[in-house]
Visitor: 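Pasting in a structure now, in structure tokens, and then I'll have a few things to ask.
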Amino acid sequence: MTVVNDKTYRERVYEIVRRVPAGKVMTYGQIALILGEGYTARTVGYCMHAADEGVPWQRVINSQGKCSTGKMTMPVNLQQSILESEGVVFSGSGKCDLAMYQWHPEGYEPEPDDQTKLFGTD
DNA sequence: AACTTGACGAGGG
DNA sequence: CCCCTCGCCAAGT
């Protein structure tokens with residue numbers, strides 16, 4: 001099964017991230033599972049650090065419900081601040097309740113049999 | 001072409 | 001809760 005990639009590896013990640021509404025978040029691993037094949041949480045994170053404008057990178061956090069941007073290009077507290085301004089509430093240890101804020105995109109399922117069912121034919 | 005570097009995640013201590 | 005180890009895979013050197 002050969003999947004023809006019009007978009008780059010990274011853009012597939014961005015397509016999903018762009019759909020995350022304000023006040024909601026997704027995790028790196030969640031996105032990796034959705035894309036399946038060749039994608040891991042690690043590579044999703046790698047794609048995010050180079051996200052273009054228009055990609056709400058701040059809405060992607062780790063599976064513990066915390067921001068992981070520290071020491072790279074963006075301070076953790078800044079990412080958290082942005083999310084808080086979007087309505088996400090963090091507890092004292094900088095953690096948010098994923099059960100409450102994690103967004104589950106509709107139409108996307110882990111390892112789909114037929115990729116044409118994802119968004120219909122674009 | 002080989003080696004290193006991560007915005008990760010699960011598991012164990 | 002904090003720390004470490006290992007597996008994962010694209011990108012940059």
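What you see below is based on every heavy atom in this structure, not just the backbone, and it leaves out hydrogens, waters and symmetry mates. Below, chain A is the first sequence line, B the second, and so on; all start at residue 1.
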Visitor: Just compare C:dA11, B:dA7, C:dC8 and give me whichever is closest to any side-chain atom of A:Y28.
Guide: B:dA7
Visitor: For A:G70, report the nucleic acid contact type (base, sugar-phosphate, nothing); a contact means any heavy atom under 4.0 Å.
Guide: nothing
Visitor: Among all residues two or more places apart in sequence or in another chain, which pass the side-chain hydrogen bond (donor to acceptor under 3.5 Å, both in side chains) test with A:T43?
Guide: A:Y9, A:T40
Visitor: Between the protein and nucleotides 10-12 of chain B, are there any N/O to N/O pairs under 3.5 Å, and if so, what are the atom names and distances?
Guide:
residue: B:dA10; atom: OP2; partner: A:S63; partner atom: OG; Å: 3.3

Visitor: Could you give the CG-to-P distance, from A:L33 to C:dC9, as a whole number of Å?
Guide: 12 Å
Visitor: For A:Y28 and A:V60, what are the C-alpha separation, side-chain angles and deciding distance, and is it a side-chain contact (heavy atoms from CB on, under 4.5 Å)?
Guide: CA-CA 6 Å; A:Y28 303 99; A:V60 184; 3.4 Å; yes
Visitor: In whole angstrom, give the distance that lies between atom CD1 of A:I16 and atom C1' of B:dA7.
Guide: 16 Å
Visitor: So if I take residues 86-94 of chain A and measure heavy-atom distances to DNA chain B, which residues fall below 4.0 Å?
Guide: none
Visitor: Give the minimum heavy-atom separation between A:R12 and A:Y39, together with the two atoms involved.
Guide: CG-OH, 3.3 Å
Visitor: Select one nucleotide: of C:dC9, B:dA7, C:dA11, the one nearest the side-chain heavy atoms of A:R10.
Guide: C:dA11
Visitor: Are A:T69 and A:I61 side-chain neighbours, meaning at least one heavy-atom pair lies under 4.5 Å?
Guide: no
Visitor: Judged by modelled atom types alone, do A:E86 and A:Q58 share a side-chain donor-acceptor pair under 3.5 Å?
Guide: yes
Visitor: For A:Y46, give me all partners under ring pair (Phe, Tyr, Trp, His ring centres under 6.0 Å), at least two apart in sequence or on another chain.
Guide: A:H49
Visitor: Choose from B:dG9, C:dC1, C:dG12 the nucleotide whose nearest atom is closest to any side-chain atom of A:Y46.
Guide: C:dG12
Visitor: Under the 3.5 angstrom rule, does the side chain of A:R10 hit a backbone N or O of A:C47 as a donor-acceptor pair?
Guide: no
Visitor: Between P on C:dA10 and CE on A:M48, what's the gap in Å once rounded to a whole number?
Guide: 17 Å
Visitor: Using a cutoff of under 3.5 Å, can you pull out all pairs of nitrogen or oxygen atoms linking the protein to nucleotides 2-7 of chain C, with atom names and distances?
Guide:
residue: C:dG7; atom: O6; partner: A:R42; partner atom: NH1; Å: 3.0

Visitor: Please output the side-chain donor-acceptor pairs of residues 97-105 of chain A that fall under 3.5 Å, not counting sequence neighbours, one pair per line with the distance.
Guide:
residue: A:D97; atom: OD1; partner: A:A99; partner atom: N; Å: 3.0
residue: A:Y101; atom: OH; partner: A:V89; partner atom: N; Å: 3.2
residue: A:Q102; atom: NE2; partner: A:Q30; partner atom: OE1; Å: 2.5

